[in-house]
Protein chains: 2
Amino acid sequence: MAISCGLLAIFLYYRLSTVDNQLISFTEENYLKIIYLLTERHNGNEVSTNQLAEHTQTKAASVSDMLRKLAEKNYINYRKYQGVTLTEAGEQIALSVIRKHRLWEVFLVEKLGFGWDEIHDIAEQLEHIDSKELTKRLDDFLENPKFDPHGDPIPDAKGKMPSVSYQKLSEIPLNQSVVMMGVSVHSPAFLQHLDKQQITLGCDLKVLEISDFDKSYGLLLNNDIRLFVSNEVARNLLVQVQNS
Amino acid sequence: MAISCGLLAIFLYYRLSTVDNQLISFTEENYLKIIYLLTERHNGNEVSTNQLAEHTQTKAASVSDMLRKLAEKNYINYRKYQGVTLTEAGEQIALSVIRKHRLWEVFLVEKLGFGWDEIHDIAEQLEHIDSKELTKRLDDFLENPKFDPHGDPIPDAKGKMPSVSYQKLSEIPLNQSVVMMGVSVHSPAFLQHLDKQQITLGCDLKVLEISDFDKSYGLLLNNDIRLFVSNEVARNLLVQVQNS
DNA sequence: ATATATTTTTAGACTAATCTAAAATTTTGT
DNA sequence: ACAAAATTTTAGATTAGTCTAAAAATATAT
């Protein structure tokens, strides 16, 4: 019986974001989020048009257009042909979207029982839901998690990202005990591959050897099980030395 | 670190709906939902262009355009100048959106502790999240509720709406004990007004008198408290005679 | 060091959804 | 029953976000 639905018309393109009350579309939020994540991955270096085209699944021409627009709105620092970084305003929006994405992922796994390989596409939708109060209550309902089901840190309500110091398993010396803390690839195929070998967040790992034959990693899992994983897998497992 | 975000670009305008795998936009979903609710309110009679313009908060000209489009896609029966009704296909989409809307409303109230006056706008956003699996798991998580926090029935996964037989309190004879089952207006102002008088879903009501002076209703609440509510309130309270 | 290859931007076009203004149709009131 | 009023549709324009093709800028390789 509830009818009052009008807002959604406007909402489709633009809505008054709860971040600083700026008008911002889903699409713009997405670009800012992707710029944030790629910048982080490149240690703060500028992100290129082609990289953005790849990750937004659009063409470079479309990206150029959008960058001009985001620069006009002062969400990004844009030097033509040189790539972009986020401004403070752009970063706050990106962090707000990432916060919502990761909180919803926790919800999907912890409350609804989804696997960590099933949640990405749903969280991609939920991350754009615009309600500060909802985000706050969801955060409390989930008991203020600091990490999502992939081990990624969740920014707080003020946009502060917990600092983490993960290393790739491939960079850990032989026989060093480490704890599995995250993954740097989120593809369902990769995550399911880990599931099959019972490699989960929080498990103990030790590299016993690197095979001369195929550079695969011989591991000891939870001080118990011996297994081999490919170099590719070892490079995408994020770990931390115990008690540090 | 999760980057794979591309789908959203396409998703913005169109996505493959889980209902029969048809391409459908947020906007189209909204029109279908509103047509369903208005048709229901008018006991199955056709809905007019102007009514739709009012409820979508657009102009009649925009509605005409959209109706042409929805008719082309066989979601509605459209006779120019005569109004519209939903086809079976259109009704299934509308029911799917309404199901999600009402399930999310239950979530917001039961799990996150929102008041029934605070949830409409958030549910308007959440109703468009597209994942059959999510809806199914949410439904189970909420223990398969049959009614939302306003007393509106929740269609099942197959699009079957529970039938309800509510009457307006204003149509109930004097001294007939009834149970409060729903509201026919969802405005925060109305819902907060009820809160202040402790009129909640499930409470017992009996009309003791209708004032000659201002046509207000003298009620007995929970066989205990006497209070007066306006005619306007009485017309928007949906009740049911006990044990029927 | 400069020609070639790659990347990025610009120009021009398209679609979805909206708008205003004007034309067409239906309804209403006497 | 028919003129006036109200409603609905059509015509033409606008904006966001995308595209392709071509031009401009930068990077690379001998």
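Proteins come first, then strands; the chains are lettered A, B, ... in the order of their sequence lines, and each starts at number 1.
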* Structure fact -> From CD of E46(B) across to C1' of dT7(D) the rounded distance in Å is 15 Å

* Asked: Is the distance from OP1 or OP2 of dT7(D) to the nearest side-chain N or O of S48(B) less than 4.0 Å?
  -> no

* Structure fact -> Sorted by chain and residue number, the side chain to side chain contact (heavy atoms under 4.5 Å, CB included) partners of P162(A) (sequence neighbours excluded) come out as P153(A)

* To do: Would you tell me if any nitrogen or oxygen in the side chain of N50(A) comes within less than 4.0 Å of OP1 or OP2 on dT6(C)?
  => no

* To do: Please state whether the rings of W116(A) and H150(A) are parallel, tilted or perpendicular, taking 30° and 60° as the class boundaries.
  => parallel

* Looking across every strand, which nucleic acid part, if any, lies under 4.0 Å from T49(B) by heavy atom: base, sugar-phosphate, or nothing? -> sugar-phosphate

* To do: Using atom CG of N30(A) as one end and atom C1' of dT18(D) as the other, report the distance to the nearest whole Å.
  => 14 Å

* Asked: salt bridge (charged side-chain N to carboxylate O under 4.0 Å, His left out) with R68(B): which residues, sequence neighbours excluded?
  -> D65(B), E72(B)

* Structure fact -> note: L67(A), atom CG; dT10(C), atom P; distance rounded to Å ~ 11 Å

* Structure fact -> note: R79(B), atom CZ; dT25(C), atom P; distance rounded to Å ~ 16 Å

* side-chain contact (heavy atoms from CB on, under 4.5 Å) between L238(A) and V164(A), intermediate numbers included -> CA-CA 11 Å; L238(A) 300 175; V164(A) 294; over 6 Å; no

* **Ring-face cation of K111(A) near F141(B) (centre distance under 6.0 Å, axis angle within 45°)** => no

* **Spacing between M66(B) atom CE and dT9(D) atom P, to the nearest angstrom** => 14 Å

* N or O in side chain of Y78(B) less than 4.0 angstrom from dT8(D) OP1/OP2 -> no

* K80(A) vs dT10(C): side-chain N/O to OP1/OP2 distance below 4.0 Å -> yes

* **Rounded distance in Å - CG (L52(A)) to C1' (dT9(C))** => 14 Å

* To do: Say whether E105(A) and H101(A), considering side chains only, have a donor N or O and an acceptor N or O under 3.5 Å apart.
  => yes

* E28(B) CD - dT18(C) C1' separation (whole Å) -> 14 Å

* To do: Give a yes/no answer on whether the side chain of Y31(A) brings an N or O atom under 4.0 Å of OP1 or OP2 in dT18(D).
  => yes

* Asked: Taking Y166(B) for the side chain and G151(B) for the main chain, is one N or O donor matched with an acceptor at less than 3.5 Å?
  -> yes

* To the nearest Å, give me how far apart CD (Q51(B)) and C1' (dT8(D)) are. => 13 Å

Taking N or O atoms only and anything under 3.5 Å, show me the protein contacts with nucleotides 19-23 of chain C, one pair per line.
from: dC19(C); atom 1: OP2; to: K59(B); atom 2: N; distance (Å): 2.9
from: dC19(C); atom 1: OP2; to: S62(B); atom 2: OG; distance (Å): 2.5
from: dT20(C); atom 1: OP2; to: K59(B); atom 2: NZ; distance (Å): 3.4

